[in-house]
Protein chains: 2
Amino acid sequence: MHELLLKHIAMHISLSPDEEQYFLKAVTLRKLRKKQFLLQEGDISKGTAFVIKGLLKVYSMDRNGVEHIIQFAPPGWWAGDMKSYKTRQPATLFIDAIEDTEILWIRREDLDQLYTQIPVLERFFRILAENSVINYQERLIGTLSLPAAERYYAFCSKYPSLIEQLPQKYVASYIGVTPEFLSKMLKNKTA
Amino acid sequence: MHELLLKHIAMHISLSPDEEQYFLKAVTLRKLRKKQFLLQEGDISKGTAFVIKGLLKVYSMDRNGVEHIIQFAPPGWWAGDMKSYKTRQPATLFIDAIEDTEILWIRREDLDQLYTQIPVLERFFRILAENSVINYQERLIGTLSLPAAERYYAFCSKYPSLIEQLPQKYVASYIGVTPEFLSKMLKNKTA
DNA sequence: CTGTTTTCTTAATCTACATTAAGCATCCGG
DNA sequence: CCGGATGCTTAATGTAGATTAAGAAAACAG
């Protein structure tokens with residue numbers, strides 16, 4: 001059940017079997033049905049999720065009620081509202097399940113304790129956060145400097161499996177165009 | 001000379017005086033003249049800079065030669081190309097000095113060593129990276145969901161001192177519009 | 001100072017993408 | 001297996017912001 005998480009950790013640091021078991025004790029399995037919320041705007045995020053099955057989306061909603069997806073979380077990815085998690089302020093993000101999903105959940109208090117008990121976990125989450133910075137920087141550069149069609153191609157080559165799995169409108173939201181415009185773009189490309 | 005850095009570190013973790021001194025030994029002072037590059041596209045980033053005086057900008061350049069500023073670094077801020085730094089691949093970003101600037105420079109090999117000698121530094125840089133993630137997420141949401149005028153107001157309220165210090169065209173680049181359009185926006189607001 | 005470079009402004013024109021409003025195709029739950 | 005969501009497409013029209021091209025103003029170096 002938890003092999004995916006351990007494998008993921010082992011990619012960046014090494015834990016002893018004892019440490020692994022100790023870490024897993026802090027983790028609980030949670031299941032979400034399609035469309036179920038893991039977090040809504042206004043909630044206070046009390047932990048972080050590691051997806052082992054299914055697919056989550058993390059998004060904000062603008063004042064017109066339009067969703068802007070800032071991240072998809074397929075198996076092997078983490079999802080959370082970092083700001084709410086760290087500051088204990090109400091979340092500005094939503095997280096929900098695009099399809100039935102299973103996650104491993106770590107509460108903040110538990111992770112904070114683990115940091116002192118297994119200090120190398122600091123390194124692990126440092127590396128995760130640094131990789132995340134790189135990703136958001138690249139995405140920001142894309143939205144500032146590339147036309148929509150190229151953002152779409154970039155998405156396809158970065159996440160080829162998601163393209164097949166996802167309703168087109170979510171891809172549109174992620175790359176920052178309306179579903180209508182993406183539809184038109186794809187038609188013209190083929191013609 | 002290095003008080004700003006120590007103060008900055010002490011905001012997030014606490015080091016013993018010995019550790020502080022040891023850390024500072026890895027750091028070297030460098031000066032940049034206005035317009036001087038700290039990093040150019042294609043270089044391999046060998047370290048990270050902490051600004052103590054002056055002002056840097058971190059930006060990418062698109063195929064039309066237009067700069068897209070992804071970060072300003074005034075005193076108390078870090079600047080670098082995280083991707084090049086971590087992967088040792090050629091940088092895709094530029095960093096240069098908007099005005100004469102002094103930085104404290106840490107080489108990657110030295111910081112990697114320091115992580116094992118002063119493990120709590122892992123925590124420090126984890127927290128930095130996490131805060132950075134929060135910032136980029138918020139900025140991404142802004143570019144996806146807010147019109148240019150509101151991105152400008154958001155910038156003003158987040159970085160009031162930079163507004164006065166910066167040539168307007170750099171603010172335009174940061175919020176993602178042309179200098180011409182920002183000029184027009186500001187005129188219409190007043191009228 | 002003085003000429004050159006850099007920055008800011010103005011205005012006309014253009015375009016990528018949004019909006020609105022249909023209609024059609026699917027899918028899914030009861 | 002049927003009715004209502006949900007998702008995709010098409011097309012007409014609208015608009016935020018880009019582009020181009022000036023010239024004015026400010027900063028800056030020699």
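Numbered from 1 within each chain, the chains take letters A, B, ... in sequence-line order. Just so you know, these numbers use all the heavy atoms, side chains as well, and skip hydrogens, waters and symmetry mates.
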> Does a side-chain N or O from K184(B) land closer than 4.0 Å to OP1 or OP2 of dA16(D), or not?
Replying inline: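 Checking dA16(D) against K184(B), no side-chain N or O comes under 4.0 Å of OP1 or OP2.
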>> Counting only side-chain heavy atoms from C-beta out, which of dA18(D), dT19(D), dC17(C) sits nearest to E180(B)?
In response: dT19(D)
> Quick one: which of dG17(D), dA11(D), dT9(C) gets closest to the side chain of S183(B)?
Replying inline: dT9(C)
Could you check whether [X] makes a cation-pi contact with [Y], meaning its NZ or CZ is under 6.0 Å from the centre of the six-membered ring and within 45° of the ring axis?
| X | Y | answer |
| --- | --- | --- |
| K57(A) | Y59(A) | yes |
| R126(A) | Y115(B) | yes |
| R139(B) | Y136(A) | no |

> Closer to the 5' end of DNA chain C via nearest nucleotide, is it K34(A) or V66(A)?
Replying inline: V66(A)
Rounded to whole angstrom units, what separation is found between the [atom1] atom of [X] and the [atom2] atom of [N]?
| X | N | atom1 | atom2 | value |
| --- | --- | --- | --- | --- |
| L146(B) | dG17(D) | CG | C1' | 15 Å |
| I163(A) | dC8(D) | CD1 | P | 12 Å |
| L144(A) | dA16(C) | CG | P | 18 Å |
| F181(B) | dT9(C) | CZ | P | 14 Å |
| E150(A) | dA16(C) | CD | P | 12 Å |
| K35(A) | dA5(D) | NZ | P | 11 Å |
| M185(B) | dT10(C) | CE | P | 14 Å |
| L182(B) | dT10(C) | CG | P | 12 Å |

>> Using every non-hydrogen atom in the two residues, find where A97(A) and L32(A) come nearest and quote the distance to one decimal.
In response: CB-CB, 4.1 Å
>> Within residues 164-179 of chain B, which residues have any heavy atom lying less than 4.0 Å from an atom of DNA chain D?
In response: G176(B), V177(B), T178(B)
> Do you know which of R33(B), K53(B), Q165(B) makes side-chain hydrogen bond (donor to acceptor under 3.5 Å, both in side chains) with E99(B)?
Replying inline: Q165(B)
> Given the side-chain rings of H8(B) and F124(B), with only the six-membered ring counted for Trp, is the space between their centroids under 6.0 Å?
Replying inline: yes
> Should the pair F72(B) and Y174(B) be assigned to parallel (<30°), tilted (30 to 60°) or perpendicular (>60°) ring geometry?
Replying inline: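 Parallel.
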